[in-house]
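Please read the structure below before turning to the comments.
Atoms within a ligand are numbered from 1 in the order they appear, just like the ligands themselves.
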Amino acid sequence: MAQRILLINGPNLNLLGTREPQIYGSTTLNDVINQAKVQADQLSIQIEDFQSNHEGAIVDRIQAARGEIDGIIINPGAFTHTSVAIRDALLGVGISFIEIHVSNVHAREPWRKHSYLSDKAQAVICGLGVFGYTAAIEFAAKHMKVNTGASKL
Ligand SMILES: O=C1C[C@@](O)(C(=O)O)C[C@@H](O)[C@@H]1O
């Protein structure tokens, strides 16, 4: 079965392309997803995408991935800097994940330098613009630790 990657985008990423373009660029999330699916076909992997502005919805989607998904690529948006719940969900399902940020969070406000996820991520990509999604998918297809999965409920 083809490797199954879940691409999660958090709050305000639905505004990508029109949101502070001087920071995040002018490519829309829809363009990112369309490109990701073309790239996935070329790499013979499956990409599922999910975007939500709600922390609990992201937690629910991560939990639902157990047993179905081999790896996660997540741009948690602002929840990067606040969410123990998303950290716990990722650890709880035991699925390897890559953390991605369009901007270089380390060159921005001090509080953006802290992530509740980075120390548990297989990789962290930031500052590459939307190319970061391309890089993450390429890495996931070729180097992702396959989902060991947490025990079933
Ligand atoms: O919403 C976002 C986008 C972001 O995750 C990024 O992709 O650069 C960086 C976060 O600090 C910010 O809150």
- Query: Taking N or O atoms only and a 3.5 Å limit, does V105 qualify as a polar contact for ligand 1?
  - Reply: no

- Query: Any N or O on Y24 sitting closer than 3.5 Å to an N or O of ligand 1?
  - Reply: no

- Query: Taking the non-hydrogen atoms of N12, is any one of them nearer than 4.0 angstrom to ligand 1?
  - Reply: no

- Hydrophobic cluster identity match, I73 and V105, side-chain contacts under 4.5 Å: no

- Message: Between ligand 1 and R19, can you find any atom pair, the residue atom being a heavy atom, that is separated by under 4.0 Å?
- Response: yes

- Going hydrophobic residue to hydrophobic residue with side-chain gaps under 4.5 angstrom, can you get from L117 over to V124? no

- Item | Donor on one side chain, acceptor on other, T134 and Q35, under 3.5 Å | no

- Item | Protein heavy atom at shortest distance from atom 6 (C) of ligand 1 | V102 N, 3.4 Å

- Taking atom 8 (O) of ligand 1 as the reference point, the nearest protein heavy atom with its distance: S103 OG, 2.6 Å

- Message: Would I100 count as a polar contact of ligand 1, with the cut-off being nitrogen or oxygen pairs under 3.5 Å?
- Response: no

- Query: For atom 11 (O) of ligand 1, which protein heavy atom lies nearest, and how many Å away is it?
  - Reply: H81 NE2, 2.7 Å

- Measure up the H143 and F139 rings against each other and bin them: parallel (under 30°), tilted (30 to 60°), perpendicular (over 60°). tilted

- Would you check if the side chain of R87 reaches a backbone N or O of Y116 as a donor-acceptor pair within less than 3.5 Å? yes

- Item | Nearest-neighbour protein heavy atom for atom 12 (C) of ligand 1, which is reported as residue plus atom name and distance | R112 NH1, 3.3 Å

- Message: Restricting to non-hydrogen atoms, name the atom on L91 and the atom on K120 that form the minimum distance, rounded to 0.1 Å.
- Response: CD2-CG, 3.7 Å

- Have R108 and S103 got a donor and an acceptor in their side chains that come within less than 3.5 Å? yes

- Item | Protein contact of atom 4 (C) of ligand 1 - nearest heavy atom, named by residue and atom, plus distance | H101 ND1, 3.7 Å

